[in-house]
Structures are given as structure tokens and as C-alpha cells.
Amino acid sequence: MLAKLKRNFKQELDPWSGSTLFLALIILAPLLTVAIGLGDTGPKWEHLKSTVLFGYVSNTIILSLSVVILATLFAVPSAWLVTAYEFPGRGLFSWALALPLAIPTYVAAFVYYQFPEAAIPLLVYIRSAWGIDAFQTAETLLRYGLLATFMAAVLYPYIYLSARASFSQQRRQVIEAAQTLGRSPRSVFLSIALPLSRPALAAGIGLVVMEVINDYGAVHFFGVPTLTEGIFRTWFGLADRSSALRLAGFIMVVVFAILLLEKTTRGRARFAEPSNSALPIRRRRLKGLPALASSMTCLIPLTLGFLFPAAQLLIWTSQTFSRVFRADFIHHLLNSLLLAFATALVLTALSLLIAYTVKLRPGKWLRGIVGISALGYSIPGAVVAVGVMVSLGNVDRLNASWLKTEDGPKLLLSGTLTAIGFAYIVRFLAVSLQPLQSGLRRVCGSLDEASRTLGVGPAKTLCKINIPLLKGTLIAAFTLVFVDILKELPLTMILRPANFETMATTAFSLAKEGRIRECAVPSFIILITGAIGLGLINRFLKIESP
Amino acid sequence: MSCEHSHIKSVYLTKANDLANITKMKLFSKIVLAAILANLATLVSGDEITLYSHRHYDSDRDLYAAFTKKSGIKVNVVKASADELIERLKAEGENSKADILMTVDAGRLQRAKAAGLLQSIESKVLKDRIPASYRDPENQWFGLSVRARVIVYAADRVKPSELSTYENLASPSWRGRLLARSSSNIYNQSIMASIIAQHGVNDARDWAAAVRGNMARPPQGNDRDQIRAVAAGLGDAALVNTYYVGLLINSSNAKDREIGNSVSLFFPNQKDRGTPVNVSGAGIAKASKNPEGAIKFLEFLASKEAQSTFPQATYEYPVSTDVPWSNLQKTWGEFKPDTLNLGMLGELNEAAATVFNESGWE
């Protein structure tokens, strides 16, 4: 048994899988540092179980479910409409619906927090008319509802993008056959397009759930403590690191279970269809009321998730721009862009290597380790940061003892840009890996296998076949990671070198000082940069399709 | 695909590659440069200090610039929450670049001390300038500005007779009228620590449960949001630090100024132990490579020049007694501060968080 395992392992070890394994293990190291404490029962575990744990879990589940439901309602109908129909504004909506990706949930929270404030007179009226209990119910419903709505409004693009990609790759023949056989448009959508897109939808929903679980700012601001907030309360308030890490591990396990469940229910079915043999769906032109309804269906999520926050931020920016936009601000802006660009580039390249190797060497060992090393996305940024800090601290200690001279120079990693870059890679590997893995399956199909059967080496096949075919996906993966890094807050806060500010940390500092209007300037820049990035994705994807 | 398309593509790809290489090189050279600079700095010691700070005020930057101008010592700042900075200090160990840990409450400083992250220092200036109750008996940390946590209320809805102590907020007459932020907030934890110190864990738990039951809405937002909610009539009284009222009254936003001016401020427990106070303060990191520079920095912050900026810029109280309060602070009036040793806030912090969880105050 052991010998067999050993043999399997040896067979899988060649330069490709070797380097990928090495990379995956380095990325895994900080996560292992976190996971190492999982076995210990912290001194406060029983206390947590008997008091607040249930609240954290139920808040997390309720919020995740409501955000997923709302986000799916925002994303799926609009994705289908822009793919299958022609109506006023379709071309614009098709790409603009991805724009809310440019808005971090904590920025959306600043913008939307004015609504519970504006609703205070209404709540005061409810209290005077119906008493305290009605007032408290109304307040809770309003707050939960608002939180779930704006989170869904900025997170739905994860579902929208994968749904749209999947819809547009479905074969025209299948859809048209169904139409010829007398199926109504609704039935075509519900019984063919939607089931065919299940893997894509599941991937998008998975990302939304992880974002919700991960959010710290918005839930804290709106008074809905989820598991992530529980981690910090346990760690810092109760000074019980073991129990806090147990909560983090608990989240990792749940996310892993969701991913696994999705894979097993999908079974062996391969939904992927090589797009080169598929003609895109011919869009049907809508007129009158259906056309108007379609435009509205797309306009609502776009307004909630982008137009309204962007307009509000623009107004605030115009009021405070001159106060915030000084020389050091420009410096912080360049820091932000450069760091995000360089890290996204490295991360996309690593993800391509990893995704390609996994396809090249479909063994369980490698797949498993890669799967686990991508879990950094499922645990809160601050926890990843602590894992990275502890790992790099140990490396530095080794380093310092090796290079020890009389107080001589040491090259330390802690507190450098390398540390932050590495942490981003640990945190966001899944963001670029997932599209590349599904892209390799979907777009490249068995073309690369054919190439290798014809005697072309894996490296040459990657360069000649996969990379050209995947160019759109690569740019998309790069941009997604770039925008995510630009928005990233907790990890950047903890790990950054001295005097180093990004747009996100600048926004946070201003918000912390209660200068919400000033905070709009860096927030708006994050938003605009993200929007431009998304515009670029759209452009290059267009160039690619003939 | 047309020839033209592939041409555009190849041009784009080449350009993208070039750009990528340049950017990579820039980042790489930046990292190398940073490493070299860091090493140079340790060689030419004494010309800079690194501050790990929880404080986020713009005015602090001016203060640090004034210090640099005076002493020639450059101040590098890493800003994050105290808890995160403590974890970072632990992880970095003796390789840490930090010289000073600065927090916004004494409890966290005490925790850093307990974790062995700070060092004792001798400074006559600090001893003379800072009253003993606002610094660590073993000279590991020093308070630099004082904060009082008080009750802010709407004068038209709260009778003066209803206001007396924190303990009294548990009375049923407050049902549906109180506002406070979450129990994960360190200021609330320190209030709770002071109540545990006074009454013990069991009474403190009952108190927290009763106060939570009296809240108009579940805890949310920050101290400013509680003041806004009082002004808007959502609740009648809120637990906040005084300087938030000052920040609102002096805000650049007219609506905030109106809100700040519309609420009243009450110092609780004046007839018994006094109003609970806390400090924002700092200690010198054990790993500090430049403790002399760090001591100079703390001595500067305790100086009359620096102390006199706190009442004006952040509406915190000065820690030294020879500095005048701002006019706004004078209108709030003199008050008797609780004499509880501030180190106790750190020692009872864990108990406070536990009691909050048990009481249902989220």
C-alpha cells in the first residue's frame, strides 16, 4: 500500500509537477501555520460554544444565503438577456454589468450607511406609533436587508461574468433545436441554458460566498457579527488564539466542503464544449415592453452596484478633492498601482503554470495539494497576514542566524514589499487559478493533448496552443487579481512596510477619522482604476472573438 | 483571423511584455533599494525611528514632522490596529524594525508588556511630565493623552435626575433608549473592565445584560454614529469618548457641526469612583535598534509644546498638568477621573470580553 503510494508519487514527480508542487507548498506554508493550531482546544472554546458561536454561524449562513439569492437574481437574468436578446443598451450593459467588481464592500458600506441614517425618522415614527418591539424588528430587517442588498449589488458580477461566459459558449444548434421543437424562450432558458451553465454558476456563487464570509468592514459597520468577526473577537478580545484559529479552520473546512460537493454532484459529466465548434447564439431582437423590461432588468443591478455608489463618490470627491489630492497622495497612488500590477503579473504566470501542470499530470496528489493551497481565498485576509507574518518571521530568524555577523547587514523579508506580494499570492491564488483551470478545460479541450500526441513538447504546446487560445482568459484573470489587490485592505494594513500607503489604506485611515467625504477620493480612484481594467478586459475579449 | 488582427495582437503582446519587464524590474530594484536603505539605516544608527501606531490622526503627522525638525530623527510609521501590530511584533521577534508601539488604550500596552514585547526605560523627563497614574510602574509604557468615556444625551428627552452613574444605565427606565457600539471595541471593554474591578464578574454580567436589553438597536457603527443617532432621536443617550463630540463640532461638514452642538455631555460616577478614563500611549519595543532616539521621541510627545496640541487638534486631554485645555473642553467642565490603575484595564480585558459574550452584548 505504502509502496504503491510511493510509486504513484514518484511517477508524478517531473520538472512540471515538481516545480508546481514546490510552488504550491510555499504558498501552503502560511496556511499550514494557521492550521497547525486546529487540533488544540483553546481555553475559551467551551465558552464560545455556549455563548456566541451560534450567533456567528447563523449570521454567516443567513447573510451568505441572502446575498447569494439576491446576487443570483441580479446576475443570471441579466447575463441571459445580454447573451440571447437584442434590446436598447444591450452592448453597454453586456460589459458595464461587471463594473461593480471595482467597488470594495467596505466602500459600498460607507456609501450605503447613509440610508439607515436617513431612515431614522421613519423608525422613530414606528416606535411612537407601534412601540419598541415593532421598532426593533423594523430596524433589524432594514439593516439586514440593506446589508444583503448592497453586498449582492457589488458581488453579483462574479456570478454574472461566469454565467455570461457560459451562456455565450453554448452551441447555437442546441438552443435553436429546442426553439424549433417549440420550446418557449423561458423554457429554453430554464431547461437548457441554465442547467448547462451549472458549473460556471457554482464557481461564481462560490466566489460570492467566500467574499461574504471574508468581509470584515461592512458586517462590522452594520452590526452583523459573522464568523470572521468572531475570529478577531476571540483572538484579540478573549486572547485565545487557538480557538480563533479553530474558527478560521472551520471556515476553511466549510468552503472546501462546498467546493467538493459541487464537484461530486457534477459527477463525471463534462459540460465543457469546445467553443471553436460552436457558433454563438443568434440574438433575438426584442421590441416594446419586453425590450423595456430587459433594459430595466439590467439597469437595476448596475445602478445599485455601480452607478449610485460611483455618483455619490464623485460628488464627495468633487467637494474634497483639493484637500486630499496632495503630493504624498500621488505617491500612494503610484505605490498602489505598481504593487497591484507587479503582483498580478507574477500571480497570473504562476497560476497558468499550476493550472497547466494539473491538466498535464492529472494525479490526485498534485490536484489535492493545489486545491488546498488555493484555500487562502476562503480565510480572512488578516488571518492570511498572520500566517505569512509567522512564516516569514521564522525564515528571517533562520536567515539572521546564517548570515550573522557583528551586527552586520541582514536581508530580512518581514515588513518588505516582498512580504506583501507573497501574501497577496497566498490570498488570491484561487482568483486567477479558477478561471485558468476552467479556461484550459473549456477553451483548449483536448487540443493540447493532440499537440503533444503529435510529438510537440509540453512547454512548446503551452506557448503555441494554450497561451494564444487562453489570451482572453489570461487578461481576465490578470485584471481580476489586479482589481482584487487594489481593493485589498486588512492584509495590506498589517504587512506593509513603514510609511507605505495604498489607496485602500488611505481610504481606511480617512474613514477611521470620520472623514467619509474625503475618503471618497481614494475610493473613487480604486473604482475608476478597476472600471478601466474591466473595460480593457472587454476590449481584448472582443478583439479575440472573430 | 485576419492578418491585421494577429499583427495588432503581436504588437500588443510585445508591448505588454516590455511593460511587464520594466515594471518587474522597477519593483525588484525598489525592493533591493529598500533593503539597502534599511541596512544603511542600521549602520548609521540614530537618524531614524520606526513607530508602530494605532493612531490615525492627520495632526499626528505634523507633530512627528516637528520632532524631526527639532531632533533630526526621521519618524517612519506603520499604522494598523494595536492587536495586529502586537501580533506583528511577536512574529518579527528580535528582527523587528519597530522602535515604538503606540496604542489608543492602556489595556493593549499592558498586554504588549505581558507578552514581553516592551522594555523598561529610564527617563526623568517622562517621570516628571507624566503623572504616575498614567504610566506603567515599571516604566514600560507611558500615557501621552487622556480620554474620558462619558454619556452623551439629548437634553430634551433626558431628565437630569436620570443621569448619575454607568451602573444606573441598567435601570428599566432606560428601556429602548440607549445606544452603544459593539463589545469588540476596546473602549467598551475598558469600561467593562472598570466595572468588573469595582463590582466583580457576576454583577458586571448582569449589568451588561441589562444595558444590552435597554438598547434602542443592536450595537453597530462607531462612536460618531451613536452621537448621530442621539441627535436624530433614535435613542436618548449613548456611551462615547468626549473627543468625538469635539471632532463633530469642529468638522468641515455643516451637518456634523449641527449634530455635535445639539447633544449634551455628562461625566458619570462623579459622586463615587469618578469617570473612567484611559490613555493613548506608547512603549519602547524590546527589539528596538534605536532606543535613545525612541526615548527622545516620547520625551518630545510629553513636552509642553507637543502636549498643548492634543486639546486643540484631537480634543483629547493632555496628560501633563501644565497645559491649558481647549475652550470646548472648558465648557464641558472639570471632572473627577477614576483612579483605577490603568494597567488593570489590560489585566481585566479578557474577563471583560468574556462577560460581554455571556451577557449577549454583541
Side-chain angles (χ1 to χ4, degrees), chain A residues 44 47-48 51-52 55 117 120-121 123-124 127 132 135-136 139-140 143 220-223 225 229 232-233 235-239 338-339 341-342 345 382 386 389-390 392-393 396-397 400 407 409-412 414-418 471 493-494 496-499 505 509 512-514 517 543 546, chain B residues 1 5 8-9 20 23-24 26-27 30-31 34-35 38-39 42-43 50 56-58 76-81 83-84 87-88 91-93 95-97 111 175-176 182-184 189 216-222 224 228-229 232-234 247-248 251-253 349-350 353-354 356-358 362:
Chain A
K44 294 286 181 182
H47 160 79
L48 280 181
T51 56
V52 282
E117 270 186 23
I120 286 178
L123 291 170
V124 172
R127 181 169 55 191
I132 288 174
F135 154 77
Q136 286 179 336
E139 195 274 336
T140 303
R143 198 156 34 84
H220 180 76
F221 221 50
F222 277 71
E229 195 174 340
F232 296 108
R233 289 180 175 212
W235 192 322
F236 299 139
L238 298 174
L338 197 67
L339 184 63
F341 190 90
L345 213 59
V386 171
M389 240 157 45
V390 173
L392 293 186
D396 282 345
R397 264 185 278 275
D407 221 65
K410 302 170 206 164
L411 187 63
L412 301 176
S414 303
T416 62
L417 289 177
T418 321
K471 209 182 75 191
M493 283 289 282
I494 305 178
R496 62 194 160 141
N499 308 329
T505 62
S509 289
K512 188 94 183 166
E513 276 191 70
R517 280 152 207 269
I543 287 181
Chain B
M1 186 172 300
H5 260 146
I8 292 174
K9 276 164 85 174
T23 320
K24 256 192 211 158
K26 266 191 184 164
L27 183 76
K30 216 175 171 182
I31 291 167
N39 290 328
T42 44
L43 292 177
T50 298
H56 288 276
Y57 304 102
D58 246 4
N76 301 313
V77 188
V78 177
K79 287 188 286 185
S81 86
D83 293 313
E84 292 163 348
E87 286 302 319
R88 181 160 164 177
E92 291 172 344
N95 292 319
S96 178
K97 293 176 188 124
R111 190 176 271 186
R175 175 148 195 260
S182 107
S183 67
S184 63
Q189 289 174 3
R217 62 176 182 189
Q220 58 191 275
N222 54 30
R224 281 187 191 80
R228 292 197 176 106
L234 190 78
L247 290 168
L248 281 174
S251 165
S252 60
N253 178 348
N349 183 265
E350 193 187 317
T354 308
F356 269 133
N357 278 351
E358 289 164 352
E362 301 91 333

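Chain A is the first sequence line, chain B the second, and so forth, proteins listed ahead of strands; every chain is numbered from 1.
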Open item on the list: We want to know whether A:R517 and B:S252 form a side-chain donor-acceptor pair, criterion being a heavy-atom distance below 3.5 angstrom.
Closed with: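 The answer is no; no qualifying pair exists.
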Task: When A:T505, A:I132, A:L392, A:L238 are compared by non-hydrogen pairs under 4.5 Å with chain B, the top option - done: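 Looking at each of A:T505, A:I132, A:L392, A:L238 in turn, A:L238 comes out on top.
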- [ ] Would you mind telling me which of A:E229, A:E117, A:M493, A:M389 has the largest number of heavy-atom pairs within less than 4.5 Å of chain B?
- [x]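 Going by pairs under 4.5 Å, I would pick A:M389.
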Open item on the list: Please report the interatomic distance CD(B:E84) to CZ(A:F232), rounded to the nearest 0.5 Å.
Closed with: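 Reported value, rounded in 0.5 Å steps: 7.0 Å.
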- [ ] Enter the distance from A:H220:NE2 to B:N222:CG here, rounded to the nearest 0.5 Å.
- [x]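 With rounding to 0.5 Å, NE2 (A:H220) is 8.0 Å from CG (B:N222).
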Please classify the contact between [X] and chain B as side chain, backbone, both or neither, with a heavy-atom cut-off of under 4.5 Å.
| X | result |
| --- | --- |
| A:R143 | side chain |
| A:R233 | side chain |
| A:F221 | both |
| A:P497 | backbone |

Are the side chain of [X] and the backbone N or O of [Y] linked by a donor-acceptor pair below 3.5 Å?
| X | Y | answer |
| --- | --- | --- |
| B:R217 | A:F135 | no |
| A:R127 | B:L234 | yes |
| B:R88 | A:I494 | yes |

Atom of [X], atom of [Y] and distance for their closest heavy-atom approach:
| X | Y | value |
| --- | --- | --- |
| A:E139 | B:P218 | OE1-CD, 3.3 Å |
| B:N76 | A:A498 | CB-CB, 3.5 Å |
| B:N349 | A:F236 | OD1-O, 4.2 Å |

Open item on the list: With chain A as the partner, which of B:N253, B:N357, B:V78, B:T50 has the greatest number of non-hydrogen pairs under 4.5 Å?
Closed with: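 Top option by heavy-atom pairs under 4.5 Å: B:N357.
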TODO: Count the heavy-atom pairs under 4.5 Å between each of B:S96, B:A216, B:S183 and chain A, then report the option with the highest count.
DONE: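 Ranked by contacts with chain A, first place is B:A216.
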Go through the atoms of [X] and report whether side chain, backbone, both or neither lie under 4.5 Å from a heavy atom of chain A.
| X | value |
| --- | --- |
| B:E362 | both |
| B:R111 | side chain |
| B:S184 | both |
| B:D58 | both |

